[in-house]
K.L.:
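Can you keep this structure in mind? I'll have questions shortly.
Only a predicted model underlies this, so the values are computations on that prediction, with no experimental measurement involved. All residue numbers in this chain count up from 1 along the given sequence.
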Amino acid sequence: RNERRGKLDLSPANHWFYGFGANVIGATHGHRCKTQKLPSIMAASVPKLWGNASDNGRAFYQGHLHHTKTEEHNGCVTHVMQTLAAPDAYAAGAGYISGRSMALDIYDRRDGFLTRHICTSERAGRKK
């Protein structure tokens, strides 16, 4: 909270939206809404950002499903992300098994999405 280069968003909202040049990026946990509805929520919630975004600059991220899936829905790319957390007792007992990783997506202010870097939990835990 004392880092001047960052901003901490403590909003209790279910969906968050950020504009960056010709990009609009949304995020949600994803347990309350189907993935294919996320672009419509974005367009209705932040119409100016949606309208100013390039074709390659609209993205929505969710994590609830804990598997990797990228699709395009109505002019917006949706990303379902893996989890970083190890399975808890409930997930392990119910057979919810998924890979663990973290993704870094890089966006250009004008050109939108450029590339993705992945770090798996195995790589992150390796001693140097």
K.L.:
Write out all pairs satisfying side chain to side chain donor-acceptor pair (under 3.5 Å) with one or both partners inside residues 35-52, taking only residues at least two apart or from two chains.
P.N.:
Thr35-Gln62
K.L.:
Phe20 and Arg109: which non-hydrogen atoms are nearest, and at how many Å?
P.N.:
CE1-NH2, 3.3 Å
K.L.:
In chain order, what residues pass the side-chain hydrogen bond (donor to acceptor under 3.5 Å, both in side chains) check against Tyr96, with sequence neighbours excluded?
P.N.:
none
K.L.:
Got a sec: does the CG of Asn14 have more than 12 other heavy atoms crowding it under 6.0 Å?
P.N.:
yes
K.L.:
Name every donor-acceptor pair, under 3.5 Å, that has one atom in a side chain of residues 80-89 and the other anywhere in the protein, sequence neighbours excluded.
P.N.:
unit_1	atom_1	unit_2	atom_2	d
Gln82	OE1	Ser101	OG	2.5
Thr83	OG1	Ala85	N	3.1
Asp88	OD1	Tyr90	N	3.3
Asp88	OD1	Ala91	N	2.7

K.L.:
Quick one about His67 and Ser98 (side-chain donor to acceptor, distance below 3.5 Å, no hydrogens or angles considered), yes or no?
P.N.:
no
K.L.:
Does the side chain of Thr70 reach to within under 4.5 Å of the side chain of Thr78, using non-hydrogen atoms?
P.N.:
no
K.L.:
Taking salt bridge (Lys or Arg N to Asp or Glu O under 4.0 Å) as the cut-off, I'd like each qualifying pair that reaches into residues 2-29, sequence neighbours left out, listed once.
P.N.:
Glu3-Arg5
K.L.:
Please collect all salt bridge (Lys or Arg N to Asp or Glu O under 4.0 Å) contacts where either partner lies in residues 58-84, sequence neighbours excluded, each pair once.
P.N.:
Lys69-Glu71
K.L.:
Got a sec, which residues hit side-chain contact (heavy atoms from CB on, under 4.5 Å) with Ala13, two or more places apart in sequence or on another chain?
P.N.:
Ser11, Trp16
K.L.:
Considering residues at least two apart in sequence or located in another chain, which fulfil the side-chain contact (heavy atoms from CB on, under 4.5 Å) criterion with Asp108?
P.N.:
Arg110, Asp111, Leu114
K.L.:
For Asn56, enumerate each residue passing the side-chain contact (heavy atoms from CB on, under 4.5 Å) test, keeping only those at least two apart in sequence or located in another chain.
P.N.:
Ser54, Phe113
K.L.:
Could I get the full list of side-chain hydrogen bond (donor to acceptor under 3.5 Å, both in side chains) partners for His31, not counting sequence neighbours?
P.N.:
His29
K.L.:
Apply side-chain hydrogen bond (donor to acceptor under 3.5 Å, both in side chains) to His15 and list each qualifying residue two or more places apart in sequence or on a separate chain.
P.N.:
none
K.L.:
For Asp105, what residues pass the side-chain hydrogen bond (donor to acceptor under 3.5 Å, both in side chains) criterion, not counting sequence neighbours?
P.N.:
Tyr61, Arg116
K.L.:
Please determine whether residues Leu65 and Phe60 belong to a single hydrophobic cluster, defined as Ile, Leu, Val, Met, Phe, Trp and Tyr linked transitively by side-chain heavy-atom distances below 4.5 Å.
P.N.:
no
K.L.:
How would you list, by chain and number, every residue that makes a side-chain contact (heavy atoms from CB on, under 4.5 Å) with Leu8, sequence neighbours excluded?
P.N.:
Arg1, Leu10
K.L.:
Is any side-chain heavy atom of Leu38 closer than 4.5 Å to one of Cys76?
P.N.:
no
K.L.:
Do you reckon Val77 sits in the same ILVMFWY cluster as Ile41, going by side-chain contacts under 4.5 Å, direct or chained?
P.N.:
no
